[in-house]
Amino acid sequence: MDAQLAGNKFFVLAVVLVVYWLATFIAFRGAKAFSRVSQWGGIVGTIIPAAILIILGFSYFFAGNTPQIQLGWGELIPDFGNFSNVVLAASIFLFYAGMEMNAIHVKEVKNPTRDYPIAVLTAAAGTVIIFVLGTLAIAFVVPQADINLTQSLLTSYNDMFEWAGIGWAGPIVAFMLLIGVLAGVVTWVAGPSTGMLAVAKAGYLPRFWQHTNKNGMGTHILFFQAFMVTGLGLTYVVLPSVQAAYQILSQLTVILYLIMYMLMFAAAIYLRYSQPNRPRPYRVPGGDVGMWIIGGVGFLGSLMAFAFSFIPPDQITVGSPEVYVGILVGGAVVMVILPFLIYAFRKPHWRDPTSEFVPFTWQIEHSHPGTVTESSVSTQQLTREAESSGSPVMFSHDDGGGRGGSSAV
């Protein structure tokens with residue numbers, strides 16, 4: 001019955017919508033509410049189940065049972081002879097995606113310069129440990145033919161609990177995983193909407209999108225997100241299987257993230273040359289060489305995964321390869337064009353006077369994007385000096401070629 005439900009498109013769509021809308025209403029209650037859900041949900045729904053999975057999986061292996069995968073140093077190297085065999089590796093980026101979303105709350109951290117990098121590094125290390133050891137644990141117990149994107153985790157727990165003589169624990173862990181999923185979705189709902197609200201109040205979106213409730217959450221943006229997810233969720237009904245829908249939605253997410261990551265890595269390298277002396281809370285060690293190594297490896301890794309993302313996988317029946325690639329390309333194009341449209345149609349009078357959106361340094365210095373500056377004054381100090389001197393901070397609506405108007409604070 002469980003396997004039938006997991007493959008039922010309408011059941012999966014209903015669960016997706018219930019969880020997402022529940023997460024949306026939790027986000028309405030503000031930062032304290034969703035941070036509490038994320039904290040305890042992460043412990044109950046991720047860390048504890050991961051520990052159970054790893055301990056039981058390795059206990060199964062060390063008890064002398066035959067693992068379901070071949071072990072050996074030669075097995076560590078993937079088969080690159082057929083790119084469709086390694087296309088799912090691009091999804092690994094999704095394991096790390098989202099850590100930067102919490103940067104929107106960095107001002108709420110007591111000592112962000114020290115504590116935020118520690119938090120990110122801890123999360124990265126924890127992600128590696130959980131996914132590498134957890135994947136091995138699953139591979140020890142579950143035959144390759146029984147592994148799929150949507151059911152393998154619960155199948156693994158079921159097989160491990162049956163082996164350990166505690167089959168009754170399966171539904172308990174399933175419920176814990178549900179809590180973990182809800183906690184993750186709440187974070188994904190609240191983080192981007194908070195960033196979009198800051199952008200809206202800076203004058204890039206009409207006042208309609210700047211509406212907030214008593215908890216300071218952008219209700220109209222949250223509702224729009226929820227309706228967008230509801231529309232995308234219909235993919236589960238249109239595509240040939242739940243696995244195909246899951247794959248294409250997660251792959252589209254990866255593609256959009258990778259575009260953003262390539263822009264970030266390139267921008268980090270560029271800023272080392274366009275504003276070399278600008279004080280920054282976090283600075284990659286090693287000077288320009290260190291930035292080229294970190295930024296270059298990150299950019300090339302993202303580019304490689306980006307290219308892999310458009311190759312239909314052999315492991316999953318996704319229907320027509322042309323439709324699969326067409327959906328990914330079309331979805332990516334639409335999502336990439338939207339920010340340019342938002343920027344092109346911005347209006348000075350949309351800006352909220354209470355907005356704390358920090359302008360670009362070239363705006364404060366009445367310059368142009370891309371101008372090299374040797375200034376060693378931080379953006380925050382430039383803003384404070386401009387405000388204290390009575391000189392307005394100009395939020396230029398120039399297109400970079402000397403045309404357009406500006407608004408002042």
Side-chain angles (χ1 to χ4, degrees), residues 23-35 38 98 100-109 112 116 186-229 256 260 263-264 267 280-281 335-367 369 378-388 390-400 404-409:
T24 299
F25 286 114
I26 292 174
F28 280 154
R29 301 184 64 84
K32 289 185 178 180
F34 66 72
S35 62
S38 298
E100 79 288 340
M101 284 195 304
N102 286 320
I104 194 68
H105 307 297
V106 71
K107 292 182 180 180
E108 301 170 22
V109 179
Y116 191 72
V186 168
T187 302
W188 283 60
V189 167
S193 65
T194 304
M196 185 61 74
L197 178 63
V199 170
K201 289 188 174 183
Y204 293 92
L205 289 174
R207 291 297 179 95
F208 174 82
W209 299 107
Q210 302 176 27
H211 180 270
T212 58
N213 61 12
K214 63 180 182 180
N215 298 311
M217 301 302 295
T219 51
H220 291 174
I221 293 176
L222 285 169
F223 272 124
F224 178 74
Q225 277 188 173
F227 285 121
M228 283 288 292
V229 169
L256 296 176
M260 181 265 291
L263 290 173
M264 285 200 307
R280 308 185 188 281
M335 294 301 177
V336 169
I337 288 176
L338 280 177
F340 288 98
L341 294 177
I342 290 173
Y343 186 79
F345 290 100
R346 68 199 185 284
K347 302 293 182 183
H349 62 271
W350 287 347
R351 180 175 173 80
D352 187 335
T354 64
S355 172
E356 297 181 355
F357 192 86
V358 178
F360 295 107
T361 50
W362 61 266
Q363 291 177 320
I364 304 175
E365 296 173 335
H366 308 290
S367 182
S378 67
T379 305
Q380 290 80 3
Q381 185 175 342
L382 282 173
T383 306
R384 288 194 297 267
E385 290 176 354
E387 292 174 345
S388 62
S391 174
V393 177
M394 306 301 291
F395 288 82
S396 173
H397 286 251
D398 189 270
D399 60 6
S406 61
S407 61
V409 177

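Excluded from the calculations below are hydrogen atoms, water molecules and symmetry mates; all remaining heavy atoms, backbone and side chain alike, are included.
- Remark: aromatic rings of F223 and F28 are close, center separation under 6.0 Å.
- Distance check: R351 CZ to Y204 OH gives 8.5 Å after rounding to the nearest 0.5 Å.
- Between H211 and I221, the closest side-chain pair of non-hydrogen atoms is not below 4.5 Å.
- Contact check for V189 versus Q225: side-chain heavy atoms found under the 4.5 Å cut-off.
- To the nearest 0.5 Å, atoms CG (D352) and OG1 (T212) are separated by 8.5 Å.
- To the nearest 0.5 Å, atom CH2 of residue W209 and atom CE of residue M196 are 9.5 Å apart.
- Residues V186 and A23 come closest through the heavy atom pair CG2-CB, 3.6 Å.
- Within a 6.0 Å sphere centred on CZ of R29, heavy atoms belonging to other residues, nucleotides or ligands number 12 at most.
- Of all heavy-atom pairs spanning A200 and Q210, the tightest one is O-NE2, 3.0 Å.
- Minimum heavy-atom separation, S355 to K201: CB-O, 3.4 Å.
- Taking the side chain as every heavy atom from C-beta outward, L222 and M217 approach each other to under 4.5 Å.
- Residues E365 and W362 are not in side-chain contact: their nearest non-hydrogen atoms beyond the backbone lie 4.5 Å or more apart.
- Judged by distance alone, the side chain of N213 and the main-chain N or O of N215 form a donor-acceptor pair under 3.5 Å.
- A cation-pi arrangement, defined by a distance under 6.0 Å to the six-membered ring centre and an angle within 45 degrees of its axis, is present between R346 and Y343.
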